[in-house]
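Written out below as structure tokens is the structure these notes cover.
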Amino acid sequence: MFSDAQVVHIHIYSPHQLSTVSTGSTMEPIMHQVWPRVFQRLHKTLILPKRNHSGCAEHTAVPASTHSRHIRPTLLVSRLYQPSNLRDVGQDTRLQGEMTCKSQRLMLQAGLIHPSNPGCYYYLPATVRSMEKLVRVIDQEMQGIGGQKLDMPSLCTANLWKASERWDLMGKELLRLKDRHGVDYCLGPTHEEAVTTLVAHQANLSYRHFPLLLYQITRKFRDEPKPKFGLLRGREFYMKDMYSFDVSEEAAYQTYESVCQAYTRLFARLGLHCVQVQADTGNIGGKLSHEFQLPADIGEDQLLLCGNCSFSANVETLSSDRTDCPQCKTGTLVESKGIEVGHTFYLGKKYSKVFNATFSNAQNKPSIAEMGCYGLGVTRILAAAIEVMSTEEEIHWPGLLAPYQVCVLPPKKGSKVDEVAVLAEDLVHILGEALPHLRGEVVLDDRTHMTIGKRLKDASRLGYPYVIVVGQSALEETPRFEVICQQTGETMFLSRDGLLDILGGVETV
């Protein structure tokens, strides 16, 4: 046995070269006899598996020349950091009474999150993968309208918040602390004060720099009195917050509409049917506000929707007993519940005037910028999507956000078709080579001590969009693979080419 750090050099000689090797007269005839079989065997098994420290089955190609190609390691289910045997959270007495919604139960059961303290969770690797994909989608949409990404301190001085008068307005929701010098700080739930101060410090800012859209995707903090619903309402969460600066009110409204359209595109890409509703500006303030609500029975926001036109509003902006539509005048308002996943505000000069965020206008005179701010709950979108798309037993992800797109299942060890197990691992590499967009998206369920049925159940509960079973049909003259599509519930038996065709259409980010 060789350790991972050791390098094994294998030299392959042709029969002619072997005849020139000094091996002794008795060895030469033997080598000439066995060489053809050895050469044929090596060409069939050029890949020697070994384990690396990440738990992947790494394959080192034995090159016939000095130009061997790199083969990616196989992702193994047995080494993913989440429960290998899914537990029934409902039977866990430690968690009984804490399960308040479907997404929380499913995410705990699947080992996607783990509770730390009230309102705070560990995000385990599969969740981080999904969240990173969501961040990439958000980046694409925000940068598509001119957004520039930055990162601001989470620790904010009280002086900024006192200047905007929100230090007292926020009340107990603001997580406050003092440093060793007795200076007051807070952990930012939002960054209007910080970003406006940043822009105000730019002395040479001109109207030519506008519209200026700055955004970040960071951890936020809120001292929730009663955290619940898992990632839907916590004390620590990830949020995308964007801030816009414009030369005029008209330009600011155009930017506002541009961001709203980007939000609509984003949710459409995720397959989430969100509703844009008029909303209260709350403690952030401003002249105009909209929420992006995902209709759900567990939603905490009460909505009023018109069945005759596009009007929709949070009940906070209307009388709760109103039934007639204020927009079309003829429609009837219907109550609904929603999960807020996005919020937009037109702020005007509320913050820019306080912090003196000015620019040089076309007449080369100082002018105060018009502002807007726009939030997306990153971790909330993940949980809300699971809440509305999943069944009671199976997680269903938005296609773009599934941690892994494909799970390959070899047969159980010792079964009648155990010999096709090697084909399953080969298939993982074939998919990665033939479909570059699926590299790193295919996992091999190597827990072959378990039956196919048990692993299929695990795969469906974890939400792989595609599950491929390598079984008896893989031994046919034209090998076929059983393919299960979670979204449609359809089971297909496909040749390798058919498999490549259907997976070639999978969209990744």
Side-chain angles (χ1 to χ4, degrees), residues 44-52 54-61 68-80 82 125-126 129-130 132-133 136 397-412 417-448 452 455-456 458-460 462-509:
K44 286 184 177 179
T45 58
L46 283 177
I47 300 172
L48 303 178
K50 67 175 182 178
R51 293 275 182 241
N52 63 19
S54 68
C56 297
E58 189 176 283
H59 291 76
T60 306
S68 63
R69 60 190 180 92
H70 175 71
I71 297 180
R72 289 172 175 264
T74 301
L75 293 166
L76 303 176
V77 168
S78 67
R79 300 307 301 269
L80 298 181
Q82 65 186 67
R129 277 183 63 89
S130 184
E132 287 173 343
K133 292 179 178 184
R136 288 196 287 273
W397 299 90
L400 282 177
L401 305 187
Y404 299 96
Q405 292 291 336
V406 182
C407 181
V408 177
L409 273 59
K412 182 181 179 181
V417 290
D418 190 17
E419 59 190 294
V420 303
V422 67
L423 297 180
E425 193 161 344
D426 289 343
L427 181 62
V428 174
H429 293 297
I430 289 169
L431 293 177
E433 292 299 317
L435 304 172
H437 69 291
L438 289 184
R439 289 175 184 168
E441 293 288 342
V442 184
V443 297
L444 178 71
D445 193 340
D446 61 324
R447 300 172 300 164
T448 53
I452 286 285
R455 284 178 286 155
L456 271 175
D458 282 1
S460 64
L462 286 166
Y464 299 104
Y466 291 92
V467 178
I468 303 172
V469 179
V470 181
Q472 182 69 40
S473 58
L475 292 174
E476 297 174 2
E477 184 176 349
T478 300
R480 293 185 304 146
F481 304 95
E482 182 181 353
V483 182
I484 303 165
C485 175
Q486 188 198 54
Q487 184 177 7
T488 64
E490 184 181 5
T491 299
M492 302 162 281
F493 286 86
L494 301 175
S495 65
R496 191 182 74 170
D497 289 342
L499 182 60
L500 293 177
D501 284 343
I502 194 170
L503 295 182
V506 174
E507 186 181 358
T508 58
V509 64

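- A distance of 9.5 Å separates CG in D445 from CG in L76, rounded to the nearest 0.5 Å.
- The shortest heavy-atom contact between H437 and L503 is NE2-O, 3.3 Å.
- Across L423 and A474, no two heavy atoms sit closer than the pair CD1-O, 3.9 Å.
- I468 contributes atom CD1, which lies 5.5 Å from atom CG of L431 (distance to the nearest 0.5 angstrom).
- Salt-bridge annotation for R447 and D458: present, with a side-chain N of the basic residue lying under 4.0 Å from a carboxylate O of the acidic one.
- Under the salt bridge (Lys or Arg N to Asp or Glu O under 4.0 Å) criterion, the residue pairs touching residues 475-489 are E476-R480, with sequence neighbours excluded.
- Screening V77, V469, T448 for a side-chain contact (heavy atoms from CB on, under 4.5 Å) with R455, the sole residue that qualifies is T448.
- Checked against side-chain hydrogen bond (donor to acceptor under 3.5 Å, both in side chains), K412 has no partners two or more places apart in sequence or in another chain.
- The OH atom of Y466 sits 5.0 Å away from the CD1 atom of I502 when rounded to the nearest 0.5 Å.
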Less than 3.5 Å apart, which donor and acceptor atoms pair up between the side chains of residues 397-405 and the rest of the protein, not counting sequence neighbours?
from: W397; atom 1: NE1; to: L462; atom 2: O; distance (Å): 3.2
from: Q405; atom 1: NE2; to: G399; atom 2: O; distance (Å): 2.8

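- Taking every heavy atom of both residues into account, V420 and G471 meet most closely at CG2-O, 3.9 Å.
- Put simply, the side chain of L409 reaches to within 4.5 Å of the side chain of C407, judged on heavy atoms.
- Screening residues 487-509 for salt bridge (Lys or Arg N to Asp or Glu O under 4.0 Å) gives no qualifying pairs among residues at least two apart or on separate chains.
- V443 has its side chain out of reach of V406: every pair of non-hydrogen atoms, C-beta onward, lies at least 4.5 Å apart.
- Of all heavy-atom pairs between S495 and T478, the closest is CB-CG2, 4.4 Å.
- Closest of all the heavy-atom pairs between P410 and L444 is CD-CD1, 3.9 Å.
- Minimum interatomic distance between V467 and A459 (heavy atoms only, all atoms of both residues): CG2-CB, 3.8 Å.
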Discussion item. As a quick check of understanding, evaluate side chain to side chain contact (heavy atoms under 4.5 Å, CB included) for V442 and L75, giving each step before the final call.
Written reply: CA-CA 7 Å; V442 184; L75 293 166; over 6 Å; no
Item to complete: Step by step, work out the side chain to side chain contact (heavy atoms under 4.5 Å, CB included) result for F481 and V408.
Response: CA-CA 10 Å; F481 304 95; V408 177; over 6 Å; no
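- A search for salt bridge (charged side-chain N to carboxylate O under 4.0 Å, His left out) contacts involving R129 returns E441, not counting sequence neighbours.
- To the nearest 0.5 Å, atom CG of residue L499 and atom CG of residue L494 are 6.0 Å apart.
- Q487 is linked by a side-chain contact (heavy atoms from CB on, under 4.5 Å) to C485, counting only residues two or more places apart in sequence or in another chain.
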